[in-house]
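See structure below.
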2 protein chains.
Amino acid sequence: MKKLRVRFKLWLSTKNVEGVFGDGKWRLLRAIDSEGSLNAASKTLRISYRKAWGDLSKAEACLNVTLLERHRGGRMGGATCLTKQGKEWVKAYGKFHSEIEKATEKAYEKHIQELLR
Amino acid sequence: MKKLRVRFKLWLSTKNVEGVFGDGKWRLLRAIDSEGSLNAASKTLRISYRKAWGDLSKAEACLNVTLLERHRGGRMGGATCLTKQGKEWVKAYGKFHSEIEKATEKAYEKHIQELLR
DNA sequence: TTGCGATATGTCGAACTGTGCATAACCATG
DNA sequence: CATGGTTATGCACAGTTCGACATATCGCAA
């Protein structure tokens, strides 16, 4: 029996739109918070800027929440940072994610590893 | 703010192969158990027989576990049912899945719904 | 020994996703 | 007022996934 690893994925949806927020967008927000720009964030996460931009726009539109403060032009060409609400989302989702991560690991050991003897 | 729903997904992977077992294959096994054949199971789940067959073969090959007892030919043309191990997997994974489902709902209420006030 | 219905497996095409590329708009600074 | 780097956005192309087909095989029953 090969060694197994558990994986999980979390996301939020509305009645009409699937995936308005989730692990990917959460990581993106964190990267923006530490990098200072969407451009840099997408590079560190190795995601195309095109997708990163689309994902976040979708999240903001569907959640009807302003997560980002976008600035175009200027000395550095522009910048993006999190709003207060954006930071709250990162924090709350982080706790949510972390809790499920622990629960998953625990339940895996209890039910699956047990099954494998 | 639109109403949100949490979603989650669980799966198992080996070092080389992603998704050797997960929610889809678990549902498939259950359907086979109640339907008596892979063909019928794939129809009730609205999955192509081709995919269902491939998924289960992959699972058995990667887990190195015999989950199914396949029969070809005969009066009814053939049949597929779960082995003892197959039933154990269904049961164990069911508990695993159920536990995470509850944990997810709980953590969602605690962290995300709280955030939305 | 023929027929039926399920398993087994390859292949081609459609749908979906994400990347890459091309622009345009923007604006502090030199 | 020209420049550079970033946000914003459309579009075409590539990769992946899945479904629809097309066969082949199998074995009991009529």
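Only this structure's heavy atoms are used, side chains among them; waters, hydrogens and symmetry mates stay out. Residue numbering restarts at 1 for every chain, and letters A, B, ... go by the order of the sequence lines.
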Exercise for the section: Enter the inter-axis angle for the ends of the helix from dT1(C)-dA30(D) to dG30(C)-dC1(D) (five pairs per end, rounded to 10°). Expected result: 10°

Practice task
Looking at every strand, decide which applies to Gly77(A) at a 4.0 Å heavy-atom threshold: base, sugar-phosphate, or nothing.
Solution key: base

Is there any protein nitrogen or oxygen under 3.5 Å from a nitrogen or oxygen in nucleotides 19-25 of chain C, and what are the pairs?
residue: dT19(C); atom: OP2; partner: Ser48(A); partner atom: OG; Å: 2.5

Handout entry: Protein-nucleotide distance (Met76(A), atom CE; dT3(D), atom P), rounded to Å
Key = 19 Å

Handout entry: First of Gly74(A) and Asn39(A) reached from the 5' end of DNA chain D, by closest nucleotide
Key = Gly74(A)

Practice task
Find the distance Leu67(A):CG to dT7(D):P and express it as a whole number of Å.
Solution key: 16 Å

Problem - Protein-nucleotide distance (Lys58(A), atom NZ; dT9(D), atom P), rounded to Å - result: 16 Å

Practice task
In plain terms, say whether Glu35(A) and Lys43(A) are close enough for a salt bridge, that is, a side-chain N and a carboxylate O under 4.0 Å apart.
Solution key: no

Problem - Interatomic distance where CD belongs to Glu69(B) and C1' belongs to dT7(C) [whole Å] - result: 14 Å

Practice task
Compute both the distance and the angle, then confirm whether Arg30(A) meets the cation-pi test with Trp26(A): under 6.0 Å from the six-membered ring centre, within 45 degrees of the axis.
Solution key: yes

Practice task
Have a look at Ser57(A) and say if it touches a base, only the backbone sugar-phosphate, or nothing, with a 4.0 Å heavy-atom cut-off.
Solution key: nothing

Exercise for the section: State whether Trp11(A) and Lys9(A) meet the cation-pi test: NZ (Lys) or CZ (Arg) under 6.0 Å from the six-membered ring centroid, and within 45° of the perpendicular axis. Expected result: yes

Exercise for the section: Give a yes/no on whether any side-chain N or O of Trp53(B) is located under 4.0 angstrom from OP1 or OP2 of dT7(C). Expected result: no

Handout entry: Co-membership, hydrophobic cluster, residues Leu116(B) and Leu67(A), 4.5 Å side-chain
Key = yes

Problem - Aromatic ring proximity Phe8(B)/Phe8(A), centre distance under 6.0 Å - result: no

Exercise for the section: To the nearest Å, give me how far apart CD1 (Ile32(A)) and C1' (dT6(D)) are. Expected result: 12 Å

Problem - Gap between atoms CZ and C1', on Arg75(A) and dA2(D) respectively (whole Å) - result: 19 Å

Fill in the blank from the handout: With the side chain defined as heavy atoms from C-beta on, Ser37(B) is closest, among dT7(C), dT7(D), dC28(D), to dT7(C)

Practice task
Write down the distance between CG (Leu38(A)) and P (dT6(D)), rounded to a whole number of angstrom.
Solution key: 11 Å

Handout entry: Exercise: do His71(B) and Glu69(B) side chains pair donor with acceptor under 3.5 Å
Key = yes

Exercise for the section: For residues Lys87(A) and Asp33(A), determine if any side-chain heavy atom of one lies less than 4.5 Å from a side-chain heavy atom of the other. Expected result: yes

Handout entry: Electrostatic pair Glu88(B):Lys84(B) at N-O distance under 4.0 angstrom
Key = yes

Practice task
Whole angstrom is fine here: how far is it from CG in Leu56(A) over to P in dT9(D)?
Solution key: 13 Å

Exercise for the section: Verify the neighbour count for atom CD of Glu114(B): are there more than 12 heavy atoms of other residues, nucleotides or ligands below 6.0 Å? Expected result: no

